[in-house]
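These numbers come from a predicted model, not from an experiment.
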Amino acid sequence: MRKRFYVCSLCGKKNVKLWRPYMCTAPLICAECAEKRQSIRECKDGVWEKDDKYYIKRTNEKIITLPKWKINEKGKIPSPYGPGPEGLPESMTDQLTIDLSDLPNTYFTNKVTMVPASPTEDGSGFYGYTSVPDDICKWWDNLPTR
């Protein structure tokens, strides 16, 4: 049931990871289409300081434009919050920010947050971003990114 509607709305690609707008069910977007439509991401510059056992970023008013991202095989990109403390890996996210403003009959802007499209078992909709069952997470994780 899932496969019948699990298709990129822009290019028609099937059998790959897809994302949907947060709090919406359409359009579904594949990695390649999302990468072409990515929005400019910015974060505040700052310095990481260790406070007891935690790192805290002390930001300043300087805004840094983050580099364009490429979705990895796990369906993740570098976090929009910028690099982590020195020596620690950059945090990754499966949330994409893309521009859908040119789609016909849409109210979307140039900064739409996209989340993994995790369909319900009966194919009637999608699970909420934070309430996807483990088996559906594994199904999505096992799909190829491209």
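- Applying the side chain to side chain contact (heavy atoms under 4.5 Å, CB included) test between Pro27 and each of Ser9, Cys33, Cys8 identifies Ser9 as the sole match.
- Looking at Thr65, its side chain never comes within 3.5 Å of a backbone N or O of Glu42 through a donor-acceptor pair.
- In this structure, Thr113 and Met23 have side chains that are not in contact, with every pair of non-hydrogen atoms separated by 4.5 Å or more.
- When side chains are defined from C-beta on, Ile29 counts as touching Leu10, because their heavy atoms get closer than 4.5 Å.
- Heavy atoms only, all atoms of each residue included: Gly123 and Phe5 are closest at O-CE2, 3.4 Å.
- Between the CG atom in Asp45 and the CG atom in Asn60 there is a gap of 4.5 Å [rounded to 0.5 Å].
- Residue Ile64 qualifies as enclosed at atom CD1: its count of foreign heavy atoms under 6.0 Å is above 12.
- The two residues Ala34 and Ile71 make their nearest non-hydrogen contact at CB-CD1, 4.3 Å.
- Using a 4.5 Å cut-off between side-chain heavy atoms of Ile, Leu, Val, Met, Phe, Trp and Tyr, with links allowed through other members, Leu66 and Ile63 fall into different hydrophobic clusters.
- Contact annotation: the side chain of Ile98 never approaches that of Phe108 to less than 4.5 Å [non-hydrogen atoms, C-beta and beyond].
- In this structure, Met92 CE and Ser79 OG are separated by 9.5 Å, a value rounded to the nearest 0.5 Å.
- Formation of a donor-acceptor pair under 3.5 Å by the Ser101 side chain with backbone atoms of Thr109 is not found in this model.
- Although no hydrogens or angles enter the test, the distance criterion places a donor-acceptor pair under 3.5 Å between the side chain of Lys57 and the main chain of Lys44.
- Expressed to the nearest 0.5 Å, how far CZ of Phe126 lies from CZ of Arg20 amounts to 7.0 Å.
- With contacts defined as side-chain heavy-atom distances shorter than 4.5 Å, the pair Leu143/Val16 does not qualify.
- The shortest distance between side-chain heavy atoms of Val112 and Thr97 does not fall below 4.5 Å.
- For Trp139 and Tyr6, the gap between ring centers is short of 6.0 Å.
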Side chain to side chain contact (heavy atoms under 4.5 Å, CB included) evaluation trace for Lys111 with Leu100 = CA-CA 8 Å; Lys111 289 199 176 197; Leu100 295 176; over 6 Å; no
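- Judged by distance alone, with hydrogens and angles left aside, the side-chain atoms of Trp140 form a donor-acceptor pair with the main-chain N or O of Leu18 at under 3.5 Å.
- Contact annotation: the side chain of Cys30 never approaches that of Trp19 to less than 4.5 Å [non-hydrogen atoms, C-beta and beyond].
- The aromatic rings of Tyr22 and Tyr129 sit perpendicular, their planes meeting at an angle over 60°, well past the 30° parallel limit.
- Side-chain contact between Val7 and Leu28 is absent, with no heavy atoms from C-beta onward closer than 4.5 Å.
- Arg37 contributes atom CZ, which lies 12.0 Å from atom CG of Asn110 (distance to the nearest 0.5 angstrom).
- Rounding to the nearest 0.5 Å gives a distance of 10.0 Å between CD of Glu32 and OG1 of Thr145.
- Other residues, nucleotides and ligands contribute only 12 or fewer heavy atoms inside 6.0 Å of the NZ atom of Lys36.
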Should Lys17 and Asp94 be marked as a salt bridge (Lys or Arg N to Asp or Glu O under 4.0 Å) after you check the CA-CA gap, both sets of side-chain angles, and the distance that decides it?
-> CA-CA 11 Å; Lys17 288 179 174 74; Asp94 55 12; over 6 Å; no
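- The backbone N or O of Tyr127 lies less than 3.5 Å from no partner atom in the side chain of Thr120, so there is not a single donor-acceptor pair.
- To the nearest 0.5 Å, the span separating NZ on Lys138 from CD1 on Ile136 amounts to 11.5 Å.
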Please lay out, stage by stage, how Glu35 and Arg146 fare under the test salt bridge (Lys or Arg N to Asp or Glu O under 4.0 Å).
-> CA-CA 11 Å; Glu35 288 170 349; Arg146 296 178 199 303; 2.7 Å; yes
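- Side-chain contact between Met114 and Gln95 is absent, with no heavy-atom pair separated by less than 4.5 Å.
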